[in-house]
Amino acid sequence: MAVVFDKTKGLTDKPFHYCPGCTHGIIHRLVAEVLEELDLVDNAIGVAPVGCAVFCYDYFNCDMHEAAHGRAPAVASGVKRVHPDKTVFTYQGDGDLASIGAAEIIHSAMRGEKFTTIFVNNAIYGMTGGQMAPTTLVGQKATTAPLGRDENHAGMPLRVSEMLATIPKAVFVERVSVHDVKHINQAKKAIKKAFQTQMEGKGFSIVEVLSTCPTNWGKTPVESLKWLQENMMPYFPLGNFRTPEEEK
Amino acid sequence: MAVVFDKTKGLTDKPFHYCPGCTHGIIHRLVAEVLEELDLVDNAIGVAPVGCAVFCYDYFNCDMHEAAHGRAPAVASGVKRVHPDKTVFTYQGDGDLASIGAAEIIHSAMRGEKFTTIFVNNAIYGMTGGQMAPTTLVGQKATTAPLGRDENHAGMPLRVSEMLATIPKAVFVERVSVHDVKHINQAKKAIKKAFQTQMEGKGFSIVEVLSTCPTNWGKTPVESLKWLQENMMPYFPLGNFRTPEEEK
Amino acid sequence: MAGRVIFDENKCKGCELCTTVCPVKIVVMDKERINVKGYHPATVKEMDKCTACSSCAKICPDVVIKVERL
Amino acid sequence: MAGRVIFDENKCKGCELCTTVCPVKIVVMDKERINVKGYHPATVKEMDKCTACSSCAKICPDVVIKVERL
Amino acid sequence: MTHEIIMAGFGGQGVMAMGKILAEAALKEGKNVSWLPSYGPEMRGGTANCNVIVSDEPVGAPVVSEATAALILNRPSLDKFEGDVIPGGVLIINSSLIDQKASRDDIKVYYVPANDIANELGNGRIANMVMLGAYLEASGAAKQDTIMEIITEIFSGKKASVIPVNKEALVRGAACIK
Amino acid sequence: MTHEIIMAGFGGQGVMAMGKILAEAALKEGKNVSWLPSYGPEMRGGTANCNVIVSDEPVGAPVVSEATAALILNRPSLDKFEGDVIPGGVLIINSSLIDQKASRDDIKVYYVPANDIANELGNGRIANMVMLGAYLEASGAAKQDTIMEIITEIFSGKKASVIPVNKEALVRGAACIK
Amino acid sequence: MAKELWKGNEAIAEAAIKAGCRYFFGYPITPQNEIPEYMSLRLPQEGGVFLQAESEVAAINMVYGGAGSGARVMTSSSSPGISLKAEGISYIAGAELPCVIVNIVRGGPGLGGIQPAQSDYYQATKGGGHGDYRLIVIAPSSVQEAVDLTQEAFDMADQYRIPVMIMGDGMIGQMMEPVEFKPVAKRVLPEKTWATTGTGGKRKPNVINSLFIDPQECENHNIKLFKKYDEITANETRVENYNVEGAEIVFVAYGTTARIVKNAINTLAKEGIKAGMIRPITLWPFPTAAVEAAADQASVKAFLTVEMSMGQMIDDVKIAANGKKPVHFYGRTGGMIPTPAAIVEHAKKVLGGAK
Amino acid sequence: MAKELWKGNEAIAEAAIKAGCRYFFGYPITPQNEIPEYMSLRLPQEGGVFLQAESEVAAINMVYGGAGSGARVMTSSSSPGISLKAEGISYIAGAELPCVIVNIVRGGPGLGGIQPAQSDYYQATKGGGHGDYRLIVIAPSSVQEAVDLTQEAFDMADQYRIPVMIMGDGMIGQMMEPVEFKPVAKRVLPEKTWATTGTGGKRKPNVINSLFIDPQECENHNIKLFKKYDEITANETRVENYNVEGAEIVFVAYGTTARIVKNAINTLAKEGIKAGMIRPITLWPFPTAAVEAAADQASVKAFLTVEMSMGQMIDDVKIAANGKKPVHFYGRTGGMIPTPAAIVEHAKKVLGGAK
Ligand SMILES: Cc1ncc(C[n+]2csc(CCOP(=O)(O)OP(=O)(O)O)c2C)c(N)n1
Ligand SMILES: Cc1ncc(C[n+]2csc(CCOP(=O)(O)OP(=O)(O)O)c2C)c(N)n1
Ligand code: SF4
Ligand code: SF4
Ligand code: SF4
Ligand code: SF4
Ligand code: SF4
Ligand code: SF4
Ligand SMILES: [Mg+2]
Ligand SMILES: [Mg+2]
């Protein structure tokens with residue numbers, strides 16, 4: 001008898017507080033598994049966002065900081081500059097990273113800060129109850145876009161990976177999804193690559209993960225996976241935008 | 001006898017406070033001339049930055065706001081939403097726009113705010129005495145990069161136009177220079193096009209203007225024009241990145 | 001390749017994601033029971049069909065499922 | 001196409017940019033004089049050569065120069 | 001007379017709505033009222049509770065720390081709020097989901113199988129109305145008729161079909177108080 | 001004895017450096033000193049000025065509002081600072097660039113053609129040292145020798161060749177005071 | 001109009017609309033989200049604009065732009081978000097722009113918690129931002145009062161060209177109470193001739209600005225601001241005195257806390273202890289005179305300041321009491337809410353000790 | 001070591017390095033640019049890191065990261081930049097991280113001016129940010145004192161896990177004075193067992209955090225913070241008394257203003273008027289006891305607070321004087337600097353009126 005799947009030691013025993021079916025949990029697990037597989041758990045310092053993942057400092061089994069909303073990249077820059085030999089990562093939502101924290105992520109990328117960002121794009125502000133995010137799709141309803149996002153009023157969703165890919169020192173940029181097992185496997189690969197890029201000292205690395213928010217999308221968890229695939233993926237195409245290999 | 005060149009009515013009579021040979025003055029004049037030629041002076045509301053151009057509220061002959069450092073795009077958004085029929089513009093330096101105000105410019109672009117930004121990139125913090133800007137070139141000395149910008153420490157310069165061009169509602173994006181008369185003429189054309197784009201309600205428009213800072217570059221004004229051409233232009237290539245025509 | 005899955009039942013939130021990915025469709029919701037959290041937990045009815053593919057475990061957001069190969 | 005340029009001399013900051021763009025090279029710095037700002041102002045020595053091309057005016061950062069066509 | 005009520009349960013059990021309906025009805029009857037929800041991340045799938053005050057006097061603090069009644073729809077809430085009821089106060093327990101008994105003997109305790117009754121009535125989501133019906137009967141904080149007026153306003157139009165079953169829920173709840 | 005000095009001119013005339021050299025020299029002579037620059041956007045191409053205090057007592061306020069002396073290198077500074085000199089104080093005017101005369105008669109005024117002397121000495125940038133030489137002579141705030149020690153420290157190494165001309169500038173400036 | 005049940009946040013938003021507010025710039029944060037959410041639905045219906053900003057920093061600067069353009073503009077946030085607005089608020093005060101800022105306070109410091117608190121009193125009244133400036137700070141203690149004062153806040157802002165802050169704790173924002181929307185007393189308001197509306201070729205350019213590079217001008221500007229502040233202090237100080245006459249102990253409390261204190265006062269009365277309360281309605285200008293008068297009152301043995309903080313308003317109470325009577329403190333913080341019983345107990349202790 | 005002339009800003013930077021500061025995160029702003037500029041050259045020489053942040057907001061959050069990682073970290077700015085750091089400072093205080101923040105104050109509000117001012121007293125001592133928290137605020141009045149106290153500030157920060165602010169006006173930052181770098185008295189400092197350094201598999205994870213979602217926990221945390229603040233008040237309050245004994249009038253002034261007041265006191269002495277001064281060196285904890293003692297002193301007729309502001313510290317003086325003696329105010333603001341002559345004149349007026 002062999003255990004083929006068990007909870008990674010990269011996670012603590014604390015149960016997640018997320019809503020039923022919220023894919024934040026999957027993404028947590030992938031990050032933690034990668035840390036374990038690369039033998040980085042004891043060496044890692046993570047930075048939690050303000051957003052539904054705020055309590056992730058209780059879940060990742062490593063040293064953690066709880067950063068102010070949007071400022072995780074600045075906090076991570078401070079941490080990494082003090083501990084250049086440690087593995088540093090931020091875990092951030094789309095409100096956190098793409099809205100209030102847009103300057104911080106861009107400048108961390110510009111400076112080529114050697115940390116890894118896990119960017120959870122669920123096209124909504126989860127924690128505060130479903131307000132419009134910069135990534136909310138045109139027509140998608142939100143509590144602050146009650147008739148759906150109107151592109152003439154609020155513009156079109158920000159494609160963060162494409163934007164960051166214009167920055168030379170953002171050496172690893174990939175968008176993945178977790179809406180089915182195949183994509184979950186691919187997501188894990190990207191996350192692993194991102195951490196490896198960091199450890200090789202090559203520059204800034206980020207993985208954008210398309211994620212669900214059943215609660216604020218007003219859908220069941222299963223419907224949400226489908227909605228992600230059918231609505232988010234066309235606008236936020238999956239793929240690798242930057243990889244260190246191309247630098248050579 | 002015909003007057004072929006005279007001070008535009010888009011400018012007040014107040015002499016500029018800029019250092020000798022600083023091309024901020026040229027850029028001011030171009031903006032003011034465009035306003036006059038498009039008959040927009042009486043209709044315009046400008047937003048001054050914090051930077052050497054802080055006093056431009058005294059120079060442009062129209063209603064003006066003095067914004068907090070980096071926040072001109074937010075101020076302009078507020079102004080334009082209240083006065084959608086007026087011509088609104090921001091005038092910002094590279095510290096102002098690309099560093100502290102990165103989130104504001106990106107989000108104004110994302111929302112497709114219908115104002116025009118004149119972005120003066122002189123690769124330095126002028127007003128505060130020559131500190132490193134996000135646009136400072138690798139190897140270029142600055143008072144906070146005394147040995148020259150080190151790309152392994154501070155990353156590589158941010159190419160703002162290229163970055164903004166990834167945003168759908170940034171419908172007009174062009175980079176120009178004012179280091180000689182030919183380029184000055186081209187710069188004026190781009191500025192005019194940007195204001196026309198605004199007035200046609202098409203979305204956000206920005207003109208990035210490469211500019212000199214003889215004082216903090218430690219060069220004569222004439223040397224500065226040459227340095228701009230030889231050092232800035234290769235890294236910041238001139239050209240149009242987005243134009244509303246391509247939308248159709 | 002027979003397998004076995006073990007549910008840490010009280011952590012289950014009844015989201016049903018695991019039920020959609022099982023290649024042999026043996027993961028179902030137990031509508032009879034309610035766990036301490038107040039949810040109907042997921043369960044496996046015909047364990048002998050399990051291939052230990054781990055799909056259910058991989059998609060479970062709450063790390064409820066452990067998979068063994070027998 | 002004869003032209004004439006008029007300098008609003010006390011606004012001149014002596015930056016010399018205008019001297020670099022004149023196609024007929026008639027714009028020079030007046031090293032003899034100092035204006036109220038404390039700078040040697042730019043001036044034109046052989047006005048009759050001026051083509052009214054406006055180049056000097058266009059590059060002047062301080063809007064010192066007015067150009068007329070005669 | 002002042003009624004200070006705590007209502008608590010899982011998110012999704014209609015605790016907040018139940019409180020609002022009571023407050024609306026009491027207002028209609030000319031009382032002073034306040035309704036104060038708990039809020040926070042625990043609202044999503046976790047527990048939810050609200051405080052309602054119904055009084056002849058102007059309402060002082062909107063927070064209920066000494067409750068004249070508590071309506072408890074799930075187990076964790078029983079542990080949390082049982083102690084807040086004043087001696088002689090009313091505690092109504094949703095016995096469909098809570099097998100535990102109250103530990104106090106200085107208060108009036110009623111066990112109402114609210115979910116079972118709601119299921120019997122063919123609408124699992126009106127367990128809250130069963131609880132409310134029981135509470136009205138036990139306290140007289142508002143009249144059943146006024147509650148029905150409010151419900152009728154809320155479900156005007158397309159949803160009007162659910163009005164009768166709400167009425168039944170109130171009645172069945174009231175019947176549990178004896 | 002307390003010397004409170006204002007030094008003012010265009011940016012680039014070496015006003016700040018002149019002040020620092022005096023302060024350094026006085027410190028070397030065991031005095032209490034402070035040096036306070038004006039700062040701001042006007043520094044770039046505009047006017048520049050600094051306050052130096054040299055005293056046997058601990059220095060109180062570093063701001064000079066009642067100057068024992070003013071060293072004025074350009075015209076706008078004359079207008080700005082003439083009034084700040086105390087009666088009996090010293091006003092030294094760079095007559096090379098300022099054709100205006102002082103308007104007060106309750107102070108000692110010296111006209112020093114600092115730029116002309118500097119140009120004569122073949123180094124237009126040492127007009128400040130000419131002014132300083134004059135001031136030292138007029139006030140005794142520090143010894144010429146100590147100033148030269150400081151200058152020698154500053155221009156050690158490659159730039160040592162400019163030391164003698166600085167000395168000459170001080171001497172020529174001193175000669176203007178009679 | 002009959003009274004209707006309104007949630008505090010939504011009532012504040014509707015009151016703003018009734019007061020002519022047509023522009024709202026904000027960023028989500030608990031426990032005030034109902035304000036932007038309500039505005040996002042209602043403002044377009046009124047021909048106005050709701051714009052979700054990318055951050056609180058952007059939001060307050062949008063307010064600067066909108067207010068400088070002559071419109072009635074509002075923003076709202078909660079504690080950490082208000083901190084981010086500090087620079088912008090200082091700019092708005094410096095440029096003398098009228099606007100209304102809502103702070104639905106939660107526990108701090110840092111991320112703190114999301115439950116009700118009053119620990120932003122210092123920040124609101126002493127300047128979260130840099131420099132010498134003031135806001136009018138209004139602290140309603142019921143949803144009805146929040147509605148009335150929000151409407152008036154826009155008039156105050158316009159009359160004095162000053163930012164007005166409505167400060168409530170999480171309870172004020174979240175609770176529902178009966179509300180009637182009443183028209184506010186008309187004020188004679190100055191025309192906004194200073195606003196940027198485009199010159200239309202008919203006037204000199206208007207400039208919205210807080211920069212005075214010449215220090216003498218900067219000082220003059222400050223002195224001008226403070227003349228205005230004196231005028232506001234004279235005209236707009238609001239306070240409720242409750243049972244102060246003959247009271248042995250005078251509570252000072254504001255907002256929801258004042259309601260809890262009222263319960264305590266009633267309990268004390270039943271026990272034969274005469275207690276009263278001074279309830280500042282404007283936190284700035286602070287009702288110094290009311291406290292002074294109570295301090296001079298023979299019956300009064302002591303003040304007891306009750307706050308949902310570690311003690312902030314107590315400074316202003318002490319300054320006003322000026323040593324005439326002792327000033328005590330009872331507080332809960334971090335989202336904890338004082339109970340009437342605990343207040344009663346503390347008051348008795350004070351009176352025991354004050355003898 | 002002989003004294004050398006140092007510019008205030010550079011001296012502060014060098015003092016920080018001497019105190020073991022190896023990480024500086026900042027953003028340019030006048031009049032403190034020499035601090036980041038000096039650091040950018042010197043820190044790499046010492047194996048440290050200077051990083052120019054994209055903004056003050058980013059800078060203070062880098063400080064959070066660096067301080068949480070166990071390093072000695074500093075940032076510096078001037079008034080508007082400090083406003084932008086308000087949220088971050090509240091977080092740092094909440095998470096109990098040691099660090100040093102320099103504010104070289106300029107005139108406000110808004111963009112204001114760039115000349116010296118003291119109008120950020122409120123912001124520094126009463127919390128620019130939200131929530132109940134305090135910083136230690138140190139106000140040196142000479143470059144030498146700035147150097148000594150900057151060195152000590154890092155120790156204080158580490159001892160109490162608290163952010164320490166060095167507050168100077170533009171003059172302190174810009175002027176040159178003779179300085180000697182002396183070693184500071186060694187303190188027994190606790191080990192930073194709470195810092196994030198990677199668990200190394202040897203301990204439970206450390207979490208740097210200011211979130212306490214349960215209000216009772218949040219309150220407990222606040223109470224814990226305030227116990228610490230009481231301890232700091234007991235141990236670290238610093239004040240200079242100058243000629244207070246026998247004084248008729250006691251000035252209260254800090255920083256450069258105190259030096260100007262000393263000139264005024266000397267002038268008054270020549271005219272036969274006995275004046276003294278209380279100079280708070282720590283603005284928080286404020287030297288309440290010193291003011292109380294002076295208020296109890298028979299010779300003292302009045303206090304005269306002198307500030308480069310419209311009057312902010314005067315609140316703390318009034319609270320301490322507690323009505324025993326009148327508290328007067330003289331101030332200049334917006335970058336204007338009071339002259340000794342004007343202070344003398346005002347003091348005479350006060351004494352005339354105080355009879
Ligand atoms: C300065 C500040 N502004 C706003 C908030 C409120 N807030 C908390 S989480 C959040 C947004 C969360 O959305 P996102 O980052 O997309 O994360 P998600 O919850 O969707 O995972 C906001 C606005 C805050 N805590 N601090
Ligand atoms: C919040 C804030 N931070 C910093 C400053 C100081 N500051 C003034 S101008 C400036 C940078 C100016 O550089 P840039 O925007 O490139 O304009 P330039 O002067 O080069 O034209 C800075 C940092 C400020 N005034 N406010
Ligand atoms: S609110 Fe949305 S993002 Fe947050 S935990 Fe729930 S489902 Fe996940
Ligand atoms: S400092 Fe540079 S950018 Fe500023 S006015 Fe001078 S030359 Fe121009
Ligand atoms: S491991 Fe695979 S086969 Fe077994 S239950 Fe899970 S999904 Fe089904
Ligand atoms: S995926 Fe996990 S939480 Fe969801 S139903 Fe299955 S076992 Fe339960
Ligand atoms: S107008 Fe043309 S030709 Fe005439 S002086 Fe100017 S540059 Fe020369
Ligand atoms: S370009 Fe203008 S300012 Fe420069 S020298 Fe010529 S005239 Fe003078
Ligand atoms: Mg999100
Ligand atoms: Mg620049």
Side-chain angles (χ1 to χ4, degrees), chain B residues 1-33 36 52-53 59-61 120 122 177-189 209 211-215 219-226 228-229, chain D:
Chain B
M1 193 207 77
V3 175
V4 294
F5 189 98
D6 201 359
K7 192 177 75 63
T8 163
K9 291 190 187 63
L11 291 173
T12 65
D13 288 336
K14 186 148 188 166
F16 297 149
H17 70 286
Y18 298 105
C19 303
C22 173
T23 48
H24 262 304
I26 302 176
I27 303 165
H28 277 32
R29 206 193 62 233
L30 297 182
V31 172
E33 284 174 0
E36 187 184 14
C52 279
Y59 307 141
F60 290 118
N61 202 4
V120 179
N122 59 8
S177 175
V178 291
H179 67 280
D180 62 25
V181 175
K182 183 182 123 210
H183 285 88
I184 290 171
N185 289 337
Q186 284 170 0
K188 184 165 166 186
K189 254 191 221 124
V209 190
S211 185
T212 65
C213 178
T215 299
K219 297 187 164 49
T220 68
V222 174
E223 287 164 5
S224 295
L225 294 184
K226 193 153 171 251
L228 183 163
Q229 190 183 1
Chain D
M1 261 209 327
R4 184 170 66 184
V5 293
I6 300 130
F7 291 82
D8 189 350
E9 188 176 288
N10 278 332
K11 280 168 73 182
C12 176
K13 292 178 184 155
C15 73
E16 310 194 1
L17 294 192
C18 52
T19 67
T20 67
V21 295
C22 177
V24 293
K25 307 220 176 299
I26 57 176
V27 189
V28 293
M29 304 313 292
D30 187 342
K31 294 285 176 191
E32 316 271 274
R33 283 179 313 125
I34 285 183
N35 68 7
V36 286
K37 282 206 165 78
Y39 300 111
H40 297 296
T43 188
V44 158
K45 291 290 176 190
E46 303 160 277
M47 190 69 84
D48 50 334
K49 289 194 183 158
C50 174
T51 66
C53 74
S54 295
S55 292
C56 55
K58 280 183 181 164
I59 207 160
C60 173
D62 286 281
V63 208
V64 171
I65 307 172
K66 181 173 170 181
V67 185
E68 293 174 353
R69 182 167 293 131
L70 299 176

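These numbers come from the heavy atoms of this one structure, side chains and all, not from hydrogens, waters or symmetry mates. The shown structure was predicted, so the numbers you read here are calculated from the model rather than taken from an experiment.
- The CG atom of D:Leu17 lies 5.0 Å from the CG atom of B:Leu225; values are rounded to the nearest 0.5 Å.
- Rounding to the nearest 0.5 Å places CD1 of D:Ile59 at 11.5 Å from NE2 of B:His183.
- Closest non-hydrogen pair, B:Met1 versus D:Leu70, comes out as CG-CD2, 4.0 Å.
- Of the residues listed (B:Pro214, B:Cys22, B:Pro20), the one engaging D:Cys15 in a side chain to side chain contact (heavy atoms under 4.5 Å, CB included) is B:Pro20, and it is the only one.
- If you measure heavy-atom distances from D:Thr20 to chain B, the contacts under 4.5 Å come from the side chain alone.
- A distance of 11.0 Å separates CZ in B:Phe5 from SG in D:Cys53, rounded to the nearest 0.5 Å.
- Of the atoms belonging to D:Cys60, it is backbone heavy atoms, and not side-chain ones, that fall under 4.5 Å from chain B.
- Residue B:Pro15 comes nearest to D:Lys37 through the heavy atom pair CB-NZ, 4.2 Å, listed as atom of the first residue, atom of the second, then distance.
- Annotation: B:Lys226, atom NZ; neighbour count of heavy atoms from other residues, nucleotides and ligands within 6.0 Å does not exceed 12.
- Closest approach of D:Lys58 and B:Ile184 over heavy atoms only: O-CD1, 3.5 Å.
- Within 6.0 Å of NZ in B:Lys189 there are 12 or fewer heavy atoms belonging to other residues, nucleotides or ligands.
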Donor-acceptor list for residues 61-68 of chain D side chains, cut-off 3.5 Å, not counting sequence neighbours:
| unit_1 | atom_1 | unit_2 | atom_2 | d |
| --- | --- | --- | --- | --- |
| D:Asp62 | OD1 | D:Lys13 | NZ | 2.8 |
| D:Glu68 | OE1 | D:Arg4 | NE | 3.3 |
| D:Glu68 | OE1 | D:Arg4 | NH2 | 2.6 |

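- B:Ile27 does not touch chain D: none of its heavy atoms, backbone or side chain, sits under 4.5 Å away.
- Contacts of B:His24 with chain D are absent, with no heavy-atom separation under 4.5 Å from either backbone or side chain.
- Taking all atoms of both residues into account, the shortest heavy-atom contact from D:Ala52 to B:Val4 is O-CG2, 3.9 Å.
- Of the listed residues (B:Val181, B:Val178, B:Leu11, B:Asp180), the one with the most heavy-atom contacts under 4.5 Å to chain D is B:Val181.
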